[in-house]
Trainee: 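The structure under discussion is supplied below as structure tokens; questions concerning it will follow.
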There are 2 protein chains.
Amino acid sequence: MVEITRKQREIQQRTQDILRVAKPILLSEGFQALTMDRVAASMQYAKGTIYNHFPNKEEIVLALAIEAMRLRHKLFDKAAAGQRSARIRLMTIGVACEFYTQSCPEEFQVEQWMRNSNIWGKSSPDRQAVIRECEAGCMQIVASLVRESLAQGDLPAIEHLSPEEMVFGLWAITFGSQILTASSPSLHSIGIFDPIRSTRIHCCRLLNGFGWQPLHSIDEYLGTVEQISAEFYPQFKQIQREHR
Amino acid sequence: MVEITRKQREIQQRTQDILRVAKPILLSEGFQALTMDRVAASMQYAKGTIYNHFPNKEEIVLALAIEAMRLRHKLFDKAAAGQRSARIRLMTIGVACEFYTQSCPEEFQVEQWMRNSNIWGKSSPDRQAVIRECEAGCMQIVASLVRESLAQGDLPAIEHLSPEEMVFGLWAITFGSQILTASSPSLHSIGIFDPIRSTRIHCCRLLNGFGWQPLHSIDEYLGTVEQISAEFYPQFKQIQREHR
DNA sequence: GCATTTTTTGACGCCCCGTCAATAATTGAC
DNA sequence: GTCAATTATTGACGGGGCGTCAAAAAATGC
């Protein structure tokens, strides 16, 4: 059943190779520059062979997006594991998001591309389903932390606001901040010089606002986030500098 | 100085005509389907003539984005005018955002397209500058409401959080929610059935969290938002037509 | 070793982009 | 009203990407 012939393995390997070739082209020169001819030429295969693996270039982008979201999912999983309080583990997920966006900017970029309706619309339902599962999976990790805290009494039930809606709020502010940071050229001119710090503060206020115990002062929160960051992603600062 | 020859007027008019032709193509069939040949054929002009107006199709998209953002700016302006408290006027801007996204989905869509680096990167610095000004202008409207409230004492200065950062938070959560609503297929499956209501609640909690007087209970807030909505946008369709 | 199946190939048809020399229209001087 | 100069329009063209498919090559199995 898990029998895989050599041939099949070779084919799977080549699918990977195609992605490895396509990714730098996509990320450094954009979607336009990613052409099937070029991918084929880079690998010394004929174009038709590439088409045996991906029916169009949009599918390549979606395949890369799936890899990106799997990475995100893995980071979320690691962050949500462990013995600490749900609130701390939730903060760790927040740090994971920062880490992801900052030190895997390519994956983050691909996720944005995937949201582009041109690409989404042309890709196969199968891959779309994988993406959806992955996204839902990430949300479920957060949601289960919320439910855990509710069950343990750290987090009071809030009238008018379901646990899922709390997740939605956290997600929206994190995601919204990151998108704006990445694509709003006017941010700096309006006086936002450190969007990451701003985002952290808003998340802290949101969590405190939910009444999620133990409440943190901003200074505590920022300090704890720094600790988590240093602990989980010791290489982060370095990478951060690399990417300026 | 404001002398405009008939010829110039005709040319300006045709630029508009091109946008009127391009918009439905773009919105109903996507960026792929928007080809210069097709635009030209639709208007019974030669392709070269279209190129006299726009050096490439990305510029057409950006020109449409400028129209969209001007509309957004106008809505913000109207919302921020009037004699009511700054907090109410801010809420009115929130309603304006909802209105914009809901009843001008095409404009909202074009704004997203514009953020796509493929399009942004290929367009002219002039149009990019207009977009930036427009975006900064929208933010300034919000920022000045914040500053007004600070000056009047309705809104306490918050340690660690500048007025601009408050704007950033509001912007991020509103924008983030809307993007997610528009492009996250898993929202429904995770249990978010009324994202607009959720977003309103989060905004209310954010404003209350800032200590922005007078504080609203969720019920009050939702009620007030409904009132504003009914007052400013009594007839959804009519306003939509105005800007066609 | 040979027939059958699978895989690879790359030329092909189609379409789009953006250009530009040729053509048409407009202008303004006389 | 005429005509030369200026300006605007045209559409054929070169370059290139997409996706296909019949033919060639390779692998398989008997």
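Note on naming: letters A, B, ... go to the chains in the order of the sequence lines (proteins, then strands), and numbering restarts at 1 for each one. Predicted model only: the values in this text are computed from it and were never measured.
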Trainee: For the helix from C:dG1-D:dC30 to C:dC30-D:dG1, figure out the bend between the end axes, five pairs an end, and round to 10 degrees.
Mentor: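 Terminal axis comparison yields 10°.
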
Trainee: Tell me whether B:Lys57 forms a cation-pi arrangement with B:Phe31, defined as NZ or CZ under 6.0 Å from the six-membered ring centre and within 45 degrees of its axis.
Mentor: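 Yes; both conditions hold, so B:Lys57 lies above the ring face of B:Phe31.
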
Trainee: Should B:Met36 and B:Ile60 count as side-chain neighbours, where that means a heavy-atom distance under 4.5 Å?
Mentor: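 They are in side-chain contact.
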
Trainee: Is the closest side-chain heavy-atom distance between A:Asn118 and A:Glu58 below 4.5 Å?
Mentor: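 Result no, sub-4.5 Å side-chain heavy-atom pair not found.
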
Trainee: Starting at the 5' end of nucleotides 16-22 of chain C, put B wherever the base has a protein heavy atom under 4.0 Å, S where only the sugar-phosphate does, and a dash everywhere else.
Mentor: SBBB---

Trainee: Check the distance between C:dG10's C1' and A:Met43's CE and give it to me in whole angstrom.
Mentor: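 After rounding, the gap between these two atoms is 17 Å.
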
Trainee: Rounding to an integer number of Å, can you tell me how far A:Phe54 CZ sits from D:dG19 P?
Mentor: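 These atoms are roughly 14 Å apart.
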
Trainee: Taking the inter-plane angle between the rings of A:Trp171 and A:Phe175 on a 0 to 90° scale, is it parallel (under 30°), tilted (30 to 60°) or perpendicular (over 60°)?
Mentor: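 Aromatic pair A:Trp171/A:Phe175 classed tilted.
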
Trainee: Find the distance A:Ile50:CD1 to C:dG10:P and express it as a whole number of Å.
Mentor: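 The answer, rounded to whole Å, is 12 Å.
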
Trainee: Nearest-Å distance, CD1 (B:Ile11) to C1' (D:dA8)?
Mentor: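 Spelled out: CD1 on B:Ile11 to C1' on D:dA8 is 8 Å.
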
Trainee: May I ask you to test the B:Ile50-B:Met43 pair for a side-chain heavy-atom distance under 4.5 Å?
Mentor: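 Result yes, sub-4.5 Å side-chain heavy-atom pair found.
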
Trainee: Please state whether the rings of A:Tyr233 and A:Phe99 are parallel, tilted or perpendicular, taking 30° and 60° as the class boundaries.
Mentor: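 If you compare the ring of A:Tyr233 with that of A:Phe99, the planes turn out parallel.
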
Trainee: Please report the distance, rounded to the nearest Å, between CD in B:Gln44 and P in D:dT10.
Mentor: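 Atom CD in B:Gln44 sits about 10 Å away from atom P in D:dT10.
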
Trainee: Identify which nucleotide among D:dG11, D:dA8, C:dT8 has an atom closest to any side-chain atom of A:Arg14, counting heavy atoms from C-beta outward.
Mentor: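 For A:Arg14, the side-chain atoms sit closest to C:dT8.
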
Trainee: Have a look at A:Arg72 and tell me which of A:Glu67, A:Glu111, A:Glu107 forms a side-chain contact (heavy atoms from CB on, under 4.5 Å) with it.
Mentor: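 It is A:Glu111; the other options fail the test.
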
Trainee: Please check if any side-chain donor atom of B:Ser229 sits under 3.5 Å from a side-chain acceptor atom of B:Glu98, or the reverse.
Mentor: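 There is no such pair (donor and acceptor under 3.5 Å, judged by atom type) between the side chains of B:Ser229 and B:Glu98.
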
Trainee: Expressed as a whole number of angstroms, how long is the span from A:Ile25:CD1 to D:dG17:P?
Mentor: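 One finds 11 Å between P of D:dG17 and CD1 of A:Ile25, rounded.
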
